[in-house]
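Scroll down for the structure; my scribbles are underneath it.
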Amino acid sequence: MISLTIDGKKATVKKGTTILEAAKSIGIKIPTLCYDPRIVPHGTCRMCVVELEGSNKLATSCSTPAADGMVVFTETKKTTEARRTVLDLLLSNHPLDCLTCEKAGDCELQDLCYKYDVKESSFQGEKLTAEIDRTNQFYERDPNKCILCGKCVYVCAQLQCTNAIGFSQRGFRTHIAIPFEQDLDASLCVSCGNCVSACPTGALIPKRKEKFRYWETDTTRTTCSYCGVGCQMDLLTKDNKVVEIKPAMGTPNEGLLCVKGKFAYNFVNHDSRLKSPLLKKDGKFEEISWDEAYDIIVEKINDVKKNYGPDAIAGLSSARCTNEENYLMQKLMRAVIGTNNIDHCARL
Amino acid sequence: MTNSIAEVKDADVIFITGTNTTENHPVIGAMVKQAVNKGTKIIVADPREIELANYAEVYLPLKPGTNIALLNAMMNVIINEGLQDEEYIKERTENYEEMKKIVMEYTPEKAGEICEVDPEDIRKAARLYAKADKGSILYAMGITQHSTGTNNVMSVANLAMLCGNVGKESTGVNPLRGQNNVQGACDMGALPGDLPGYQKVNNPDVIEKFNKAWGVELSINPGLTIPEILNHAHEGDVKLIYIMGENPMVSDPDTAHVKESLENLDFLIVQDIFLTETAELADLVLPASTFAEKDGVFTNTERRVQRVRKAIEPIGQSKPDWIILMEVMNRLGYNKTYNSPKEIFEEIASVTPSYGGLSYERIEEEGIQWPCPTQDHPGTRFLHKDKFARGKGQFQAIDYVPSVELPDEEYPLVLTTGRILYQYHTRTMTDKTEGLTNIAPESFIEMNPALAKELKVEDGEMVRVSSRRGEILTRAKVTDTISNNVVFIPFHYAEGAANVLTNAKALDTKSKIPEFKVCAVKVDKIS
Ligand code: SF4
Ligand code: SF4
Ligand code: SF4
């Protein structure tokens, strides 16, 4: 273990911990853009620079290991200046589109510009104008809003391990692309959306059915309802509709999702949801009330029980429902109806 | 799983068989690839050259249904070359000699012939797995959905025990559960022979305990499994079925038989979120709420009990399933009421020893893996640490028996079924997302270029596929990732449905699992 001082507070951490992580461990948040704890630090954006006592040079805290006795300052005149320069440069080639940008309210670039009072760029230069790639079924890539932080490339290569995208060309023309400058739909991309979830700006945006602003949404942490991995995720909702899903960090999915967990939530608010109990009369379904439905169930169950015994009744429970519901289904069959004819599709 | 999901990343060797992990458990698939990037070696045994086969040190394209021959031969090599873990075998297992006797008959050459793989590759795979310090096995329905499913699972366990590869971190036998809460449904006793926590219906002490807890007199008649329920409905002995959130008209084998069985009922109740193919047959349909509209827990494949939280109000007049079930119980005269799923969970914890220490408070931040018997128990990351649940690990002597329905002159091809990344189960949820339907719009049949050539069928052409149960039309997908004489159809689609063809009669004698992974079919050009 080593000890260091950050903004006057003492931190004790394991050897090999970066300054950024050490700061986090005592509740100090150093601003970042390209940092992601799950990928190999690459120090691209230089937002996370800090001042070290006894050194003239600023250090990128995401890639500099903490050392014993180190004295670190995270917000100084020098760091503020450096960060403003970084933001200034990024904005020189970024549309100031925050009024209508879908990412507004959830954009790290916007938040940092606000924090450091950067309104516009002092550089007057050529701005790139590139086509938005809309070929993926679930998300769009707007290269004009890309700050080349590299997160999407590294997430795809190191976490999702699909290697669908990479850097292309150099200097001013550098951009994120798939091999041979093709569109996304021609790539190896499996639409997991893990790059989209990691992107700090509006360069990668899920295609949406609903218009919403992030500040209008509520967030609910829950468990994915598709496969048995049980990914943890946040449902963003507005007006009783699920409008977006984001992965949660931590066990078991470590911030990853797949195409179904990330993008396939449309069923929840779909028009064809069943909305009232239905009784079949002469081969056609008719809407009935819950009370009528319950009366019919009771009558039918009691009839069959009386004439044929409880074992003429069977229940199929569901691997899609909660534990509580499965528990009640088998309890209904066993304790109330009196049969062990209860199963679910574990085998299918 | 005996291990945790994250432990996959620290295994030295992972043996992957009967799971197309990157498509069906995508996030675990990504973690396997992360492991490979860090140096983990993988072995893949699968009739289809799945994505992970490209990362494999050894890939064994075995013929569907020949898993036991392969596993026995791997053990044969391990014993012959003295790679087994003698100490582990002596201290923690029994019946080794019996197993060895049978395994000795399975030389790699003999198995190579049965499985249609290169005997040298069997040797390589055996050595790689046996020499691993942390050797993990991942499997799924490719192992279980056979008439020999139970034996397949025991064979896998034999191999793991032989090498001492159970009960350590990153070292174990890891079945991947398909649906989000299969694990939880099993844990909760949605099984004919098991009350919650796998407490057996045929154990008088268990029955007495539940009689007391629930204040009733429980039946000790053994219950029926789904295939048996359908058969009894077909015979007219089962009169009423109450189906919650399942769609057997698409998911179960032999659709014609399922339909006849359900139509033969006096009354069918289906509770679901959409009017599924099965709900269409119902007399009464009850609208249920989705996961976004309710509270509760799911248990994932690593036994982690995790919260589901209500994000929106129920749509229309739909109700969460727990409310419907409670109200039905109450109307039938059982007066217990619950104000929330939390109260149901407290009852679950009180009657289910492996959930005994769990509560909503404890799993608020992060789920806990059962067994978790007491409030101060941290949960269990991996099973069988110092000893097996039943004491000593029991080796089973298992012979290879061919699948029930083998190809013949009339039906010369083996059909194997499964899932794909862009759809889910019977598509009731995924077909509502346009992007998925655009990518994976319809049923298809994968076939080898050699077979396509023989049938004079082009990629993308509609073909007729038939078995002894029925026939379907579907689109040919010509690919060299599948061996000749084997074809694959995803079972998701009601149109061009794989389960029109599959065999409901071939069941595993113990688990009653249908043999989805092997039946005989023929493919014909339409015009
Ligand atoms: S969606 Fe997934 S596969 Fe596609 S580029 Fe992004 S991370 Fe890679
Ligand atoms: S698309 Fe987003 S994540 Fe990728 S480099 Fe650009 S800003 Fe970074
Ligand atoms: S996000 Fe994908 S991998 Fe995760 S639980 Fe859902 S379906 Fe499974």
Side-chain angles (χ1 to χ4, degrees), chain A residues 137-138 160-161 220 222-223 225-230 235 237 240 242 252-253 256 258 264 266-268 270 273-280 294 298 300 304 308 312-328 330 332 334-336 338 340-341 343-348, chain B residues 5 25-27 30 33 177 179-182 184-185 188-190 192 214 216 219 223-226 229 238-246 251 267 283 285 287 290-292 296-298 300-301 306 308-309 311-312 315-317 321-322 325 329 331-332 334 341 344 348 429 432-433 435 513:
Chain A
Q137 294 288 337
F138 305 98
Q160 170 59 26
C161 304
T220 309
T222 193
T223 304
S225 73
Y226 283 108
C227 88
V229 180
L235 302 189
T237 52
N240 217 43
V242 180
N253 46 310
L256 300 179
C258 77
N266 203 32
F267 72 93
V268 174
H270 198 270
R273 277 282 304 275
L274 286 169
K275 295 194 188 71
S276 99
L278 303 173
L279 181 70
K280 199 179 268 164
Y294 287 141
V298 169
K300 294 290 173 186
V304 173
Y308 308 98
I313 299 173
L316 269 55
S317 201
S318 176
R320 323 306 321 287
C321 290
T322 63
N323 287 28
E324 290 83 351
E325 290 161 345
N326 276 286
Y327 177 82
L328 284 195
Q330 59 90 36
L332 166 68
R334 293 190 161 113
V336 183
N340 283 309
N341 291 341
D343 199 5
H344 73 287
C345 66
R347 304 170 193 83
L348 313 176
Chain B
I5 290 171
H25 298 87
V27 166
K33 293 194 281 179
R177 311 302 308 254
Q179 304 195 62
N180 59 327
N181 203 28
V182 179
M188 291 303 100
W214 291 345
V216 293
S219 161
L224 303 172
T225 61
I226 291 180
I229 290 171
V238 163
K239 302 282 184 195
L240 184 151
I241 302 185
Y242 186 161
I243 300 179
M244 167 171 83
E246 296 222 336
S251 63
F267 205 72
D283 299 289
V285 178
T290 67
F291 82 118
V297 303
F298 292 153
N300 79 350
T301 189
Q306 309 190 106
V308 174
R309 292 185 185 84
I312 58 171
I315 300 294
Q317 291 182 51
D321 297 88
W322 69 269
L325 293 167
M329 281 165 111
R331 302 275 181 138
L332 282 166
Y334 187 81
I344 308 174
I348 293 170
M429 289 151 67
K432 309 296 184 296
T433 293
I513 202 162

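What's counted below: heavy atoms across the whole structure, side chains too, no hydrogens, waters or symmetry copies. A note on names: the letters A, B, ... follow the listed sequences, proteins ahead of strands, and every chain is numbered from 1. Worth saying up front: this structure is predicted, and the values here are computed from it rather than measured.
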| Sub-3.5 Å donor-acceptor pair from the side chain of E324(A) to the main-chain atoms of V297(B), do we have one? | yes
| request: Check each atom of V229(A) against the heavy atoms of chain B and say whether the ones under 4.5 Å are side chain, backbone, both or neither. | output: both
| remark: Contacts of K300(A) meeting side chain to side chain contact (heavy atoms under 4.5 Å, CB included) (sequence neighbours excluded), chain-then-number -> I296(A), L240(B), F267(B)
| query | So, does N181(B) use its side chain to make a donor-acceptor pair with the main chain of C321(A) at under 3.5 Å? | reply | yes
| Are any non-hydrogen side-chain atoms of N323(A) and I344(B) less than 4.5 angstrom apart? | no
| Beyond-backbone contact of S317(A) with M188(B), side-chain heavy atoms, under 4.5 angstrom | no
| field | Test item: E325(A) side-chain N/O and W322(B) main-chain N/O as donor-acceptor pair under 3.5 Å | value | yes
| With N340(A) via side chain to side chain contact (heavy atoms under 4.5 Å, CB included) - residues at least two apart | R334(A), V201(B), S219(B)
| message | Please check this pair: side chain of H344(A) against backbone of A190(B), looking for a donor-acceptor N/O pair closer than 3.5 Å. | response | yes
| chain A contact via I243(B) - which portion, at a heavy-atom distance below 4.5 Å | both
| Beyond-backbone contact of N300(B) with P252(A), side-chain heavy atoms, under 4.5 angstrom | yes
| Of the backbone (N, CA, C, O) and the side chain (C-beta and beyond), which part of F138(A) lies under 4.5 Å from a heavy atom of chain B, both, or neither? | side chain
| request: Go through the steps to decide whether F291(B) and T322(A) satisfy the test side-chain contact (heavy atoms from CB on, under 4.5 Å), and finish with yes or no. | output: CA-CA 8 Å; F291(B) 82 118; T322(A) 63; over 6 Å; no
| message | Is it the case that the side chain of Q306(B) and the backbone of G230(A) share a donor-acceptor pair, with hydrogens and angles ignored and the cut-off at 3.5 Å? | response | yes
| request: Check each atom of V336(A) against the heavy atoms of chain B and say whether the ones under 4.5 Å are side chain, backbone, both or neither. | output: side chain
| said: Quick one, S276(A) and Q317(B) - any side-chain contact, counting heavy atoms below 4.5 Å? | reply: yes
| Which atoms of T223(A) come close to chain B, meaning under 4.5 Å heavy atom to heavy atom: side chain ones, backbone ones, both, or neither? | both
| said: Strictly distance-based, threshold 3.5 Å: is any side-chain N or O of N240(A) a donor or acceptor partner for the main-chain N or O of I312(B)? | reply: no
| query | Checking D283(B) against chain A: side chain, backbone, both or neither under 4.5 Å from a heavy atom? | reply | backbone
| request: Describe, in one word, how the ring planes of Y327(A) and W214(B) are oriented to each other, choosing from parallel (under 30°), tilted (30 to 60°) and perpendicular (over 60°). | output: perpendicular
| remark: Cut-off 4.5 Å, heavy atoms of chain A, and the answer for V285(B) is both
| field | Heavy-atom donor-acceptor pair, K33(B) side chain to C161(A) backbone, under 3.5 Å | value | yes
| field | Engaged part of T220(A) at the chain B interface, taking heavy atoms whose separation is under 4.5 Å | value | side chain
